[in-house]
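Below is one structure, written out as structure tokens, with a few remarks after it.
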Amino acid sequence: MVLYSARLTKSGTKSWAVEFRHPVLKDSKGKQGRKIRRGLGFDKEQAQIIVNELNQILEDPTFWSLTEQKRSLALFNAKVADIFFQQMEEETIQDSWNIRETYIKLPKNTEGYSRVMLLGATGAGKTTVIRQLIGTDPAEISFPAISTSRTTTCDTEYIFREGNWKSIVTFISQAQTIRLVEECVWEAFRKAVTGENDKSIAKALLSHPEQRFRLSYLLGQFRSSEKPITTEKVSNQESLIDVPYPDQNILQSDLMYILSEIKLLSNEAQSTCPINDDNVDEVITLKYEEWIKEETERFNDLVDYILQLIKKRFTAIKYGVFHKDNRGWPEYWYHDSKDKLELIKMMRWFAGNEGRRFGELLAPIVNGIRLEGPFKPSWWKNHIPPKLVLIDGEGIGHDSNITTSIPMDVTTRFKEMDAIILVDNASQPMLEAPKIILSEAMARGQLEKLMIAYTRFDQVHGTNMIDEEDRFDHITGIQAGAIEGMQEANNLNPKLIRQLRNHLEDFTFFFSQTHELQNTPEDLKDEMDRFIESIIQNTKKASINNIDRSKVFPEYDFGTLVLAIEQTHQLFMNKWLSLIGIDTKTSQYQPQHWMRIKALSNRFANWPNCVEYNDLKPASDLASYLMQRINEFINSPRSWSIDVDDGEKIKILQSISEFVSDRVNELIFNRIKILNQEKWIKAYNFRGTGSTKDRRTEIRSIFEETIPQPNIRFNTVSSELLNDIKKIIDEAIDFRKGNSVSNYEINPLHFGL
Ligand SMILES: Nc1nc2c(ncn2[C@@H]2O[C@H](COP(=O)(O)OP(=O)(O)OP(=O)(O)O)[C@@H](O)[C@H]2O)c(=O)[nH]1
Ligand SMILES: [Mg+2]
């Protein structure tokens with residue numbers, strides 16, 4: 001066993017840091033002994049005590065387990081335990097999907113269930129469709145929450161099953177929460193040093209730029225007016241779950257304290273190193289970032305203060321079982337009840353967005369919700385619910401228009417689904433996001449599962465449209481145009497496109513007034529019944545069709561596969577070299593602000609599993625470009641072992657693409673993140689003059705290693721990638737020959753948060 005030791009080092013001119021190799025955590029190459037460095041402030045004596053205590057832990061392997069946190073806390077400084085255990089805890093934390101699966105299993109098609117994933121742009125109406133299908137009470141405003149933009153922020157899974165109402169809620173880790181709070185405090189600090197007013201500092205603090213981690217849900221909304229705030233009481237105290245709304249005065253005073261600390265911190269920073277340059281952004285980052293994170297404890301103290309406030313919010317949850325770790329952070333919350341109302345009301349805290357409850361809503365730290373119970377539409381006649389599993393999630397796309405792919409954690413789930421529903425707004429059909437979803441679904445072998453549901457069909461008007469048929473034709477015409485565009489862009493096999501068109505003739509649905517729960521229109525009920533029936537029948541058909549096709553398989557000329565890499569390289573570099581600001585001449589994408597690129601590099605370097613920052617998602621983009629090119633290759637076999645009809649061939653080719661899809665995600669994730677970890681760290685750590693340029697160059701080199709341009713004479717990096725892809729396709733065909741697709745269980749990779 002290797003024993004490591006910690007040492008005190010200088011950090012900047014006046015302050016101290018500790019450096020050591022962690023005996024349990026692995027480095028980017030998978031070797032034990034990850035290097036850890038943490039700032040310890042100005043006081044050398046205090047810093048030395050922490051280093052000495054850390055050395056006691058490092059010398060004694062009986063401490064090296066998460067179960068020893070309490071013992072360490074009793075013996076040593078709290079900071080010592082935090083430095084040693086924080087990352088360890090995060091890495092051993094169970095995968096959230098698996099936690100949900102342990103408590104409430106997602107039924108499969110072998111049990112007669114259809115798993116249905118709803119995808120669409122934000123605001124398309126995914127959750128509105130779900131509210132009808134699960135029979136939401138018309139008076140219920142809080143759950144599931146709907147609104148105009150970025151409302152649903154985590155996976156929400158509904159299982160329609162007779163019996164009790166059960167729920168399991170999973171959470172992001174404490175370490176992840178700390179990182180997100182840090183980003184929020186940093187944004188607020190930047191506003192403060194540039195002299196902005198309280199309102200704008202509070203705005204930066206309370207709404208993370210990604211619009212997912214909204215601190216206002218947990219801390220309350222900032223009010224700039226001096227008027228006293230009256231706290232409303234819930235009028236009808238029918239049960240304990242009807243707790244009063246939070247006390248606005250307490251929330252405001254906590255917020256005012258946080259703001260005053262941020263302003264103090266900013267004054268302190270300015271007196272340490274005054275801003276006297278035109279390029280304020282750069283000065284703030286150069287001068288203050290290291291100071292704030294490593295040389296002063298005030299920043300960390302403030303982040304910790306906010307974390308403690310968040311932890312207090314858990315006490316509002318009076319029902320169910322909160323399972324927390326040693327530090328009081330929840331891993332999951334489980335509840336089982338005979339009462340539907342009880343379950344729905346509890347969901348207010350985990351997934352609601354009711355304005356008056358801001359300050360006690362936990363949604364920003366929830367990363368998944370699974371509910372089970374006898375859900376059914378309000379008009380459902382049968383007392384047995386339809387056998388459905390519905391999966392709602394985050395909307396695709398951003399206002400920035402730089403999105404070209406679906407996140408990898410979503411495409412990785414495709415294989416486990418029986419239906420993929422593209423939900424789109426009929427009043428503005430087939431804008432960018434739905435087109436992206438269509439082409440990803442095709443490239444990843446989901447043709448047979450794909451369906452389109454248009455909401456707001458009531459809002460389709462025009463002087464040229466006399467009756468309903470004209471309105472259908474209007475939408476399907478636009479849809480046909482989008483499919484044609486996709487064929488041209490991806491050079492898709494015309495037979496595949498024909499199959500898609502035929503398929504969508506039966507699987508396109510039109511929902512009018514989808515939000516109307518009080519008096520659900522009769523035509524909406526009929527269309528939703530047709531929708532449910534189609535999903536169930538299509539799932540049955542797919543499982544029957546999966547009989548022996550083992551002797552029918554395509555044969556390929558792998559010589560042309562190199563073109564897939566070549567084209568992917570061009571497409572990816574055209575987008576990404578421009579986004580990072582290197583080669584902007586021929587690209588439609590605008591260079592991104594250097595701070596966004598830096599934030600992206602921070603996440604690749606320092607956040608486990610994370611490969612994105614806001615709308616910057618290079619890994620998903622690359623996997624998507626590559627998969628589309630590989631799908632094109634898969635759809636052009638040289639020959640077939642046995643000749644079968646075209647429809648059958650396309651089904652087989654799609655099943656090969658489906659198999660290859662996850663493996664390509666995994667391959668790209670490994671190449672761009674894991675194998676390049678050290679380079680990302682280097683890219684992030686550039687400081688001082690010229691750092692933006694150095695960072696760009698480093699990131700370019702990461703991209704070039706991830707997706708190399710194939711040379712005429714292959715170098716090892718590019719031939720390795722080619723071989724890996726060839727191997728994946730070979731395996732997919734082998735798999736096709738040997739087993740049935742429905743038996744294949746994937747091990748879902750988890751990216752992102
Ligand atoms: N008039 C009308 N409004 C609708 C219809 N369907 C949805 N809406 C409205 O569209 C808005 C957005 O709906 P959501 O269900 O929150 O959209 P979403 O796709 O879940 O969005 P995110 O969660 O942000 O990804 C809500 O205000 C709905 O009331 C419809 O058929 N007709
Ligand atoms: Mg939603």
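Since the model is a prediction, treat every value here as computed from it, not as a measurement. Because only heavy atoms are used, hydrogens play no part in the values below, and waters and symmetry mates are left out as well, while side chains stay in. Remember, it's 1-based here, ligands and their atoms both numbered in the order they're listed.
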Taking the six-membered ring for Trp and the full ring for Phe, Tyr or His, determine whether the centres of Trp165 and Phe375 are under 6.0 Å apart. yes
Glu533/Arg530 ion pair, N-O < 4.0 Å: no
Distance only, no hydrogens: is a donor on one side chain within 3.5 Å (strictly under) of an acceptor on the other, for His208 and Glu187? no
What protein heavy atom is closest to atom 20 (O) of ligand 1, reported as residue, atom name and distance in Å? Thr127 OG1, 2.7 Å
Got an N, O or S from Thr127 under 2.8 Å of the Mg ion (ligand 2)? yes
Considering non-hydrogen atoms of the protein only, which is the closest contact for atom 24 (O) of ligand 1, and what is the distance? Thr122 OG1, 2.7 Å
Does Thr514, backbone or side chain, put an N or O under 3.5 Å from an N or O of ligand 1? yes
Taking the non-hydrogen atoms of Thr148, is any one of them nearer than 4.0 angstrom to ligand 1? no
Within reach of ligand 1, part of Asp458 (heavy-atom separation under 4.0 Å): side chain
Among protein heavy atoms, which sits nearest to atom 12 (C) of ligand 1, and what does the distance come to when rounded to 0.1 Å? Ser147 O, 3.0 Å
Determine the interplanar angle of the Phe531 and Phe511 rings, folded into 0 to 90°, and report it as parallel if under 30°, tilted if 30 to 60°, perpendicular if over 60°. perpendicular
List ligand 1 atoms under 4.0 Å from Arg150, heavy atoms only on the residue side. 24 (O)
With a 4.0 Å cut-off, would you call Asp418 and Lys449 a salt bridge? no
Compute the shortest N/O to N/O distance between Asp392 and ligand 1 and return yes if it is under 3.5 Å, no if not. no
Would you check the N or O atoms of Gly123, main chain and side chain alike, for any that come under 3.5 Å of an N or O of ligand 1? yes
N/O/S atom of Thr152 inside 2.8 Å of the Mg ion (ligand 2), strictly under: yes
Ala124 N/O to ligand 1 N/O under 3.5 Å: yes
Those atoms of ligand 1 less than 4.0 Å from some heavy atom in Gln459: 1 (N), 2 (C)
Give the residue, atom name and distance (to 0.1 Å) of the protein heavy atom nearest atom 3 (N) of ligand 1. His515 ND1, 3.5 Å
Looking only at heavy atoms of Ser149, does any of them come nearer than 4.0 Å to an atom of ligand 1? yes
Hey, do the aromatic rings of Phe510 and Phe472 have their centres closer than 6.0 Å? yes
Distance flag, aromatic centroids of Tyr334 and Phe322, threshold under 6.0 Å: no
Does the distance from a Lys or Arg side-chain N to an Asp or Glu carboxylate O, for Glu612 and Arg603, drop under 4.0 Å? no
Between Arg100 and Tyr332, is NZ or CZ placed under 6.0 angstrom from the six-membered ring centre and within 45° of the ring axis? no
One finds that the ligand 1 atoms under 4.0 Å from a non-hydrogen atom of Gly395 are 25 (O)
How far is atom 28 (C) of ligand 1 from its nearest protein heavy atom, and which residue and atom name does that atom have? Thr128 OG1, 3.6 Å
Between Arg456, Gln513, Lys126, which one has a non-hydrogen atom sitting closest to atom 10 (O) of ligand 1? Arg456
Should Gly125 be counted as touching ligand 1, given the test is an N or O pair under 3.5 Å? yes
For the student: nearest non-hydrogen atoms of Ile535 and Ser114, plus distance: CG2-CB, 3.6 Å
Polar contact flag for Glu394 and ligand 1 (N/O pairs, less than 3.5 Å): no
Relative to Trp349, does Arg313 satisfy both conditions: NZ or CZ under 6.0 angstrom from the six-membered ring centre, and within 45 degrees of the ring's axis? no
Any chance the rings of Phe171 and Trp329 have centres within less than 6.0 Å? no
